Participant: 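This is the structure, below, for whatever I ask next.
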Amino acid sequence: MASKIFFLILTLVFLGCQKSNQDYTHLIQQEKKIVASKEAAFERVTQYLAKQFPEEALLQINHVSFVHGSHKIVALIFYQTQTGEHNLVIEQELGENENVMGEKLSTCYGDDCTCKVRVMVDNNGNVEMGCNCSSCYMVTTEV
């Protein structure tokens, strides 16, 4: 009898671990829909700069981070141009069945500060974005 209970508990733990692995794999797949690599991030930022700031030359992608909210995934792309270090955010709104409902690109601008996008996640999984300095303003465009 004890061996049956032990086997049942072991099975439940195994199934729980499988579910966790599946969720993690799903998150990685969603991230790859935004940017799959530094090369993909380089391409996205190059396209953005060509449209918004043709005089800016992208030198490198420093880092890409992802934030998962209750109904969105945010990719923070930190990059360097000849004018210094910057960042931008690509945000995907997720609908039912994790389908992408829309995509936005946001960045911060200003003269008194090195303006960067700041992302915060609250206890309920809501993602809020803003600029790091009060003198900066955020510009968001639909992609």
Side-chain angles (χ1 to χ4, degrees), residues 4-143:
K4 288 182 181 181
I5 292 173
F6 176 75
F7 180 73
L8 179 63
I9 291 172
L10 187 63
T11 302
L12 291 174
V13 168
F14 177 75
L15 290 174
C17 290
Q18 291 296 330
K19 172 90 171 96
S20 176
N21 287 340
Q22 291 171 355
D23 290 346
Y24 184 71
T25 302
H26 178 71
L27 291 175
I28 291 172
Q29 290 169 348
Q30 288 290 41
E31 290 173 357
K32 288 185 177 181
K33 289 181 182 178
I34 300 176
V35 287
S37 63
K38 278 191 173 182
E39 291 79 18
F42 194 93
E43 175 93 14
R44 295 288 301 263
V45 175
T46 300
Q47 291 170 358
Y48 170 75
L49 291 175
K51 289 179 185 176
Q52 301 297 323
F53 302 99
E55 68 282 354
E56 290 270 342
L58 179 61
L59 301 176
Q60 70 179 17
I61 299 294
N62 295 333
H63 186 71
V64 179
S65 295
F66 295 93
V67 177
H68 303 272
S70 55
H71 297 289
K72 66 176 76 173
I73 294 179
V74 175
L76 289 107
I77 303 174
F78 300 88
Y79 62 94
Q80 187 168 357
T81 68
Q82 76 272 18
T83 61
E85 292 184 353
H86 309 278
N87 74 347
L88 61 82
V89 171
I90 301 173
E91 172 185 2
Q92 286 187 344
E93 294 284 335
L94 302 176
E96 292 182 26
N97 299 325
E98 302 291 318
N99 293 328
V100 176
M101 302 300 293
E103 187 172 281
K104 299 176 188 174
L105 193 141
S106 301
T107 192
C108 290
Y109 303 101
D111 295 327
D112 299 336
C113 170
T114 304
C115 297
K116 294 188 180 179
V117 178
R118 182 182 65 205
V119 176
M120 295 173 288
V121 181
D122 68 14
N123 291 341
N124 296 322
N126 299 315
V127 178
E128 295 180 24
M129 293 185 295
C131 296
N132 63 331
C133 298
S134 61
S135 62
C136 301
Y137 61 94
M138 180 178 279
V139 175
T140 301
T141 55
E142 297 278 335
V143 181

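The analysis underlying the following values was restricted to heavy atoms, covering all of them including side chains, and did not include hydrogens, waters or symmetry mates. Here the structure is a predicted model, which is why all the values come from computation and not from measurement. Throughout, numbering of the chain's residues begins at 1 and tracks the sequence.
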Participant: Ignoring hydrogens and geometry, is there a side-chain-to-backbone donor-acceptor pair from Ser106 to Ile90 under 3.5 Å?
Facilitator: no
Participant: Measuring from Thr107:OG1 to Leu49:CG, what's the distance to the nearest 0.5 Å?
Facilitator: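 These two atoms lie 9.0 Å from each other.
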Participant: Any idea which heavy atoms bring Thr81 and Leu58 closest together, and the distance?
Facilitator: CG2-CA, 4.2 Å
Participant: Under the side-chain contact (heavy atoms from CB on, under 4.5 Å) criterion, do Val89 and Met129 qualify, and how do the steps go?
Facilitator: CA-CA 9 Å; Val89 171; Met129 293 185 295; 3.4 Å; yes
Participant: Do Glu85 and Asn62 have side chains that get closer than 4.5 Å, going by heavy atoms?
Facilitator: yes
Participant: Judged by atom type as modelled, is there a donor-acceptor pair below 3.5 Å linking the side chain of Gln82 to the main-chain atoms of Ala57?
Facilitator: yes
Participant: List in chain and number order the residues that pass ring pair (Phe, Tyr, Trp, His ring centres under 6.0 Å) with Tyr109, two or more places apart in sequence or in another chain; answer none if no residue qualifies.
Facilitator: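 Only Phe53, Tyr137 meet the ring pair (Phe, Tyr, Trp, His ring centres under 6.0 Å) criterion with Tyr109.
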Participant: Give the minimum heavy-atom separation between Val117 and Leu76, together with the two atoms involved.
Facilitator: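 Residues Val117 and Leu76, closest heavy atoms: O-CD2, 4.5 Å.
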Participant: If you round to the nearest 0.5 Å, how far is CD1 of Ile61 from CZ of Arg44?
Facilitator: 11.5 Å
Participant: Output all residues satisfying side chain to side chain donor-acceptor pair (under 3.5 Å) with Thr114, sequence neighbours left out; order by chain, then residue number.
Facilitator: none
Participant: Calculate, to the nearest 0.5 Å, the distance between atoms CG and OG1 belonging to Leu88 and Thr140 respectively.
Facilitator: 11.0 Å
Participant: Which atoms form the tightest heavy-atom contact between Ile73 and Phe66, and what is the distance?
Facilitator: CG2-CD2, 4.4 Å
Participant: Please report the interatomic distance CD(Gln80) to CD(Gln60), rounded to the nearest 0.5 Å.
Facilitator: 5.0 Å
Participant: If I compare all heavy atoms of Ile34 with all of Ala75, which pair ends up nearest, and what's the gap?
Facilitator: CG2-CB, 3.6 Å
Participant: Residues two or more places apart in sequence or in another chain: which of them pass side chain to side chain contact (heavy atoms under 4.5 Å, CB included) with Cys113?
Facilitator: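 Side chain to side chain contact (heavy atoms under 4.5 Å, CB included) check on Cys113 returns Cys115, Asn132, Cys133, Ser135, Cys136.
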Participant: Provide the full list of side-chain hydrogen bond (donor to acceptor under 3.5 Å, both in side chains) pairs with a residue in residues 117-127, sequence neighbours left out, each pair given once.
Facilitator: Asp122-Asn126
Participant: Sequence neighbours excluded, which residues qualify as side chain to side chain contact (heavy atoms under 4.5 Å, CB included) partners of Gln52?
Facilitator: Tyr48
Participant: Can you list every salt bridge (Lys or Arg N to Asp or Glu O under 4.0 Å) pair that touches residues 63-76, not counting sequence neighbours?
Facilitator: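 Counting only pairs at least two positions apart or across chains, the salt bridge (Lys or Arg N to Asp or Glu O under 4.0 Å) contacts touching residues 63-76 are Lys72-Glu91, Lys72-Glu93.
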